[in-house]
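Working notes for the structure below.
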Amino acid sequence: MKADFSKPYDPKTVEPEIYKSWLESGYFDPDKLPGKRKKNYIVYMPLPNVTGTLHMGHALDNTFQDIIIRYRRMKGFRTLWFPGTDHAGIATQYKVEKELKKEGTSRFELGREKFIERVWKWKEEYGGIILGQLKKLGVSADWSRLRFTMDDAYAKDVKAAFVHYYDKGWIYRGLRTVNWCPRCGTSLSDLELEHKEEPGHLWYVRYALVDTKYDIQNTKYIVVATTRPETMFGDTAVAVNPKDERYARLVGQTVKLPLTNREIPVIADAKIDKDFGTGALKVTPAHDIFDFELGQKYKLPAIQVIDERGKMMGNTGEYAGMKTEEARAAVVQKLKDLGFLEKEEAYVHNVSVCSRCGHVIEPIPSVQWFLKMETLAKNALKSVRSGKVDIQPKNFQTIYFDWLTNIRDWTLSRQLWWGHQLPVYFCQNDKNKFSVAVEKPNRCPICGKCEMEQAPDVLDTWFSSALWPFAGLSESDKKNYYPGNTLITARDILNLWVARMIFSGLEFMGKVPFNDVLIHGTILTKDGKRMSKSLGTGIDPLKYIDQFGADATRFAVVWQATGQDIRWDEAAVAAGRKFGNKIWNASRFVLEQSGNDTFGTHDVKLKPKTEADKEIISKLDKTKKETEKLIGTFEFSKALQGLYDFFWHDFCDVYLETSKPQLADAKTKEGTQAILMSVLSSSLKMLHPFMPFITEMIWNEMPERTGLLMVENWD
RNA sequence: GCGCCCAUAGCUCAGUGGUAGAGCGUUUCAUUGACAUUGAAAAGGUCCGAGGUUCAAUCCCUCGUGGGCGCACCA
C-alpha cells in the first residue's frame, strides 16, 4: 500500500485494502495485540437482528463504539469488542411467515420442523449481511469471537439460565390473562407492545339492579362506561370506589348483565377512579389485565369470550365467530335497540398493538411461563442507584427506574417456533407433570417409562439476548473477558435489553456486565420524522460510504450526534469528505517538506524557535488533553469538532502558512520540519479513532512508522 | 392522565448568569506556491411567548404555545 499523493484521496479503492490489512494483523483479537497490556477494555455490540440491514442508527452506534475501542487500543488496553447477531424470535418468524404468505402457504402447512429449517435458511442468507456492512464502516470488532444467539454453546447457557431460575423457584407456570397477538398467535411481554392513539367511543351501558329496593335517586340500574362493550359477556363484577357516595349502598348488591341476564356482584376497590366515566367499572378478568388483577384479589371467575384468533367464542350466542370489532358494533346496536345504552361519547383512547406486526393486542387468558422479577429488579435498581452502572444521559435513569419499580413478572414463553424451546419436558402419562433440565431426561422421572416431550413454547428472544455478555463464551473467555466496560445504544432497548443484561450478569456472573451505558440520540429525517423503511424515510449509510467513503460518513454521523436526536443533514457528509481532503493535502505538504529521509523519527527534541512554533506546540498539547478528556466522557462530537478546529485552522490555515518562510530560512528550517512532522504525526493518531482509513493510509508514508497506526501509542 | 426532552443565524445544531458560536448556504475579494474539496473577509439573531428571581437572564424559576419521546390501572 502506497499513499499516492499525486492524486486526490480515493476512499473507494483505499478502504477495502486498509480493512484487509487490519484483519490480517489480527489486532481486532485482544489475544493477538502487540506489547504488554494489563487492562481490558471491553465493549458489547448491540446485536443486530438477522432480519436487519444497515441503517443510520447502526452507523452512529457502531462508529461510537469503534471510536472507543480504537482509542483504548492505542492507549495500551487489551481491547475486545464482541460482535454477534440475534435470532430475534418473533421478528424473524414474522418475516419468514410473510414470505410464505406470498408463496401461498403458511407455517402450519409446512409444519414446525420444515418451518424452522426454512428460517435457518433465511438466517444463512441474510444473517451476516449487516455484519459485512459494518466492516465497510471500519468496525474493529473481534470477528473471531462472533456469536449467534442460537449457537449450540449459546443455547446451552440459555437453557442453564432457565433451569437456574426454575431451581430458585422464580419460574412458574400459570393461567393468566396476558397480552396476546392474534396475528402472531403468541403471548407478548409489556415491552413488546406499542401504544397507538385511536379515536373510539365511550359507551354508557345500564346494568339493571336485581334488588330494586336499593334503587337510589329513582334509578333502577348502574351505568358503566366502556370502550369495549363486546367483552361484557365475560364480565364478572362491577367495581366502584369505596369512597364514592353515589354507589355506597350498592356495594355487595347484584346487577344483571344486559343481553344475557347473568347476575354479577358490585364490588368496591380503591383503585377505581371515581371521576372516570360514571365511576363504575365493568370487570372482565379474562380480557383485561387490570381486571384480571382485580379478579385475583376478589376471587372473581374469569370467563373467556374471545379466542386466540381474536374472534368471539361460542358462549356469546349470536356473536360467536365475529371479529371483536364486528361484535362491538353489533352489541352496541342491540343495546341501543333494547334501551340499555344510556349515551355514547366520542373518545380518543390508546390501543396496544403488536410491535412486530401492528395487529391490535387482545388480552386473553392463557397458560404461560413467568419469571418472578422482584429480586432481579431490585438488584438491577441497586446497581444503577449505587453508581456501579452509570447510565448517561442521566434522564434515562428515570425511565430505567420507572420500569423496574413498577415491574410485573416477565412472561417468558412465546407460542412461536423460531427460538429457544423451553427446557421443560412433560410426562406423557401424566401430562400435567414435567421436569426442567438442560438435557432431556433419558428416563421420565415422573412415570419412569414414557418418552418425555419437550414443551412446544419458545423463550422470549430477550431472555437469550439478556445473557449476551457471557453466554456461549469459552470457559477462558468467561474468565478473562467478563465483565466488560461499556455499552452504547439507542434509547429504545434500554429496558428491553440493557436492564435485563444488568440483572442477568449479576445473577449468573456475580458482577454487572459493564459500568457505563451511553444512550445516544436517534437519527431522524431532516423534517424530524422517524427513519423507517416502510415509510420510505430510511437512509442506508452504504449510500454515503460508496459515494464519499467511510471516514466521511463516520465524520458526518459523529459531527451531528451531539446528544439530542439528530435531524440528519447530508451536507455533513460532504463536510467530512472535505476534511479528509484537507488531511490528505496537508500531509502531502508536510511529507514533501520534511525532506523524507533527511529527517529522522520525531523523537528529535522539538526546539521551538519562533512564536508560531511555540503557539502550535502549545495548541497541540491543549488539543490532546481536551480530546482525551472528551473521549473519556463519551463526548465524541465535541472531541471531533475540537480536532477539526485544531487541524484545519490552527495547523493548516496558520502554521502551515507561517512554516513556508520558516522553511526557506536556513536558521529555522530543520526545527520547522521537525515540528510539522510531529504535529502531523500526533494529529493522525488523534484522528484515527474517528477517521481510521485515511489516517492509516497516510501513516504508511510516515518515516517513524514501525507498524499499523491502529496500534501506535496514542500519546 | 403522569413524567421526560427540545425550541438560538436561511438550514442542521453547539453554548454561556455579564460583547452570541460552528458546519453548510449567501455576498465580496484573492489565487500558477499542500489543497478551488482553497484562503481572507462580510452580511445574517426580539436566543418561542408572558411573567418572576437578580445589579444583570438566551441561560435559573413559574405559566403558556409548538414539536418529540417514555410510562399508565387508557374502564
Side-chain angles (χ1 to χ4, degrees), chain A residues 5 8-9 190-191 193-198 200 202-205 224-229 231 235 238-240 269-273 275-284 288-294 347-352 393-403 405-406 408 491-492 494-495 521-522 524 526-530 548 552 555-556 559-593 635 637-638 640-642 644-645 648-649 652-654 656-657 659-660 664 676 680:
Chain A
F5 284 117
Y9 176 67
D190 297 340
L191 292 179
L193 311 183
E194 271 170 21
H195 305 287
K196 240 168 64 181
E197 257 193 5
E198 251 179 32
L202 199 52
W203 286 284
Y204 291 75
V205 184
V224 300
T226 179
T227 54
R228 300 203 56 194
T231 62
D235 288 3
V238 168
V240 298
D269 189 275
K271 284 190 172 178
I272 309 301
D273 182 358
D275 301 323
F276 190 95
T278 60
L281 165 75
K282 69 191 260 314
V283 184
T284 323
D288 186 288
I289 288 168
F290 174 67
D291 292 4
F292 175 78
E293 282 164 7
L294 269 187
Y347 180 67
V348 178
H349 63 136
N350 282 305
V351 291
S352 301
K394 290 270 182 263
N395 55 302
F396 288 106
Q397 296 190 358
T398 315
I399 293 172
Y400 179 87
F401 292 146
D402 280 356
W403 183 63
T405 41
N406 300 313
R408 288 199 170 98
R491 71 171 95 80
D492 49 346
L494 175 61
N495 290 328
T522 302
L524 309 170
K526 195 154 183 177
D527 41 347
K529 293 205 181 82
R530 205 179 189 84
F548 299 104
F555 176 97
W559 185 264
Q560 296 185 76
T562 53
Q564 298 303 321
D565 284 355
I566 300 145
R567 294 188 181 211
W568 177 251
D569 186 357
E570 291 198 347
V573 192
R577 187 183 50 165
K578 267 166 61 174
F579 187 44
N581 179 65
K582 197 74 182 173
I583 297 169
W584 186 253
N585 282 298
S587 304
R588 165 160 87 167
F589 174 79
V590 171
L591 286 162
E592 276 170 357
Q593 298 308 316
E635 293 171 276
S637 190
K638 265 191 203 162
L640 177 60
Q641 299 201 25
Y644 176 94
D645 270 345
W648 197 308
H649 302 302
C652 293
D653 291 347
V654 178
L656 247 55
E657 293 310 319
S659 79
K660 288 170 189 172
L676 282 173
L680 176 61

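Letters A, B, ... mirror the listed sequences (proteins, then strands); counts begin at 1. Computed from a predicted model, the values in this text were never measured in an experiment.
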* Figure out the CD/P separation between A:Gln397 and B:rC69, and round it to whole Å. => 23 Å
* Determine the contact category for A:Glu657: base if any of its heavy atoms lies under 4.0 Å from a base atom, sugar-phosphate if only primed atoms, P, OP1 or OP2 are that close, otherwise nothing. => base
* Rounded to whole angstrom units, what separation is found between the CG atom of A:Asp273 and the P atom of B:rA72? -> 17 Å
* Could you grab the distance from atom CG of A:Leu524 to atom CD of A:Gln564, nearest 0.5 Å is fine? => 11.0 Å
* In Å, rounded to the nearest 0.5 Å, how long is the span from CG of A:Asn495 to OH of A:Tyr400? -> 8.0 Å
* Structure fact -> To the nearest angstrom, the NZ-C1' distance between A:Lys196 and B:rC74 comes to 16 Å
* So what does A:Leu294 touch, heavy atoms closer than 4.0 Å: a base, only the sugar-phosphate, or nothing? -> nothing
* To do: Quick one: label A:Lys526 by what it contacts on the DNA or RNA (base, sugar-phosphate, nothing), any heavy atom closer than 4.0 Å.
  => sugar-phosphate
* Asked: Which part of the nucleic acid, if any, lies within contact of A:Leu656, taking any heavy atom under 4.0 Å across all strands shown: a base, the sugar-phosphate backbone alone, or nothing?
  -> base
* Check the distance between B:rU12's P and A:Trp568's CH2 and give it to me in whole angstrom. => 14 Å
Please table the atom pairs, donor to acceptor, closer than 3.5 Å between any side-chain atom in residues 572-581 of chain A and protein atoms at least two apart or in another chain.
unit_1: A:Asn581; atom_1: OD1; unit_2: A:Asn585; atom_2: ND2; d: 3.1

Is there any protein nitrogen or oxygen under 3.5 Å from a nitrogen or oxygen in nucleotides 21-27 of chain B, and what are the pairs?
unit_1: B:rC24; atom_1: OP1; unit_2: A:Lys578; atom_2: NZ; d: 3.0

* Mind calculating the distance between CG (A:Asp190) and C1' (B:rA72) to the nearest angstrom? => 11 Å
* For A:Arg577, which contact category applies under a 4.0 Å heavy-atom criterion: base, sugar-phosphate, or nothing? -> base
* Check side-chain hydrogen bond (donor to acceptor under 3.5 Å, both in side chains) between A:His649 and all other residues, then give those that pass, not counting sequence neighbours. => A:Asp653
* **Any residue meeting side-chain hydrogen bond (donor to acceptor under 3.5 Å, both in side chains) with A:Ser659, in chain and number order, not counting sequence neighbours** => none
* For A:Lys271, answer base if it contacts any base atom (sugar-phosphate contacts may also be present), sugar-phosphate if it contacts only those atoms, and nothing otherwise; contact means non-hydrogen atoms under 4.0 Å. => base
* Asked: side-chain hydrogen bond (donor to acceptor under 3.5 Å, both in side chains) with A:Asp235: which residues, sequence neighbours excluded?
  -> A:Tyr207, A:Lys282, A:Thr284
* To do: Only counting residues at least two apart or in another chain, list the ones meeting salt bridge (charged side-chain N to carboxylate O under 4.0 Å, His left out) with A:Glu198.
  => none
* In terms of heavy-atom contacts, does NZ of A:Lys660 have more than 12 from other residues, nucleotides or ligands at under 6.0 Å? -> yes
* Determine the contact category for A:Leu281: base if any of its heavy atoms lies under 4.0 Å from a base atom, sugar-phosphate if only primed atoms, P, OP1 or OP2 are that close, otherwise nothing. => base
* **Phosphate contact (B:rC73 OP1 or OP2) by A:Arg408 side-chain N/O below 4.0 Å** => yes
* Please identify each residue that fulfils ring-ring contact (aromatic ring centres under 6.0 Å, His included) with A:Trp559, with sequence neighbours left out. => A:Phe555, A:Tyr644
* Asked: How far does the C1' atom of B:rA14 sit from the matching atom of B:rC55, given to the nearest Å?
  -> 29 Å
* Asked: Given atom CD of A:Gln593 and atom P of B:rC35, what is their separation to the nearest angstrom?
  -> 11 Å
* Asked: At under 4.0 Å between heavy atoms, what does A:Ala280 touch on the DNA or RNA strands: base, sugar-phosphate, or nothing?
  -> base
* Using atom CD of A:Glu293 as one end and atom C1' of B:rC73 as the other, report the distance to the nearest whole Å. => 8 Å
* To do: Using a heavy-atom cut-off of under 4.0 Å over every strand shown, decide if A:Asp402 touches base, sugar-phosphate, or nothing.
  => nothing
* **Sequence neighbours excluded - salt bridge (charged side-chain N to carboxylate O under 4.0 Å, His left out) pairs with any residue from residues 561-574 of chain A** => A:Arg491-A:Asp565, A:Lys526-A:Asp569, A:Lys543-A:Glu570
* Does the side chain of A:Thr562 get closer than 4.0 angstrom to OP1 or OP2 of B:rA14 through an N or O atom? -> yes
* Asked: What interatomic distance, in whole Å, is found between P of B:rA9 and the corresponding atom of B:rC59?
  -> 15 Å
* Asked: Within the pair A:Lys582 and B:rG39, is there a side-chain N or O less than 4.0 Å away from OP1 or OP2?
  -> yes
* Structure fact -> When pairs are called at under 3.5 Å and a stem needs at least three consecutive Watson-Crick or G-U pairs, the stems of RNA chain B are B:1-7 with B:65-71, B:10-13 with B:21-24, B:26-30 with B:38-42, B:48-52 with B:60-64
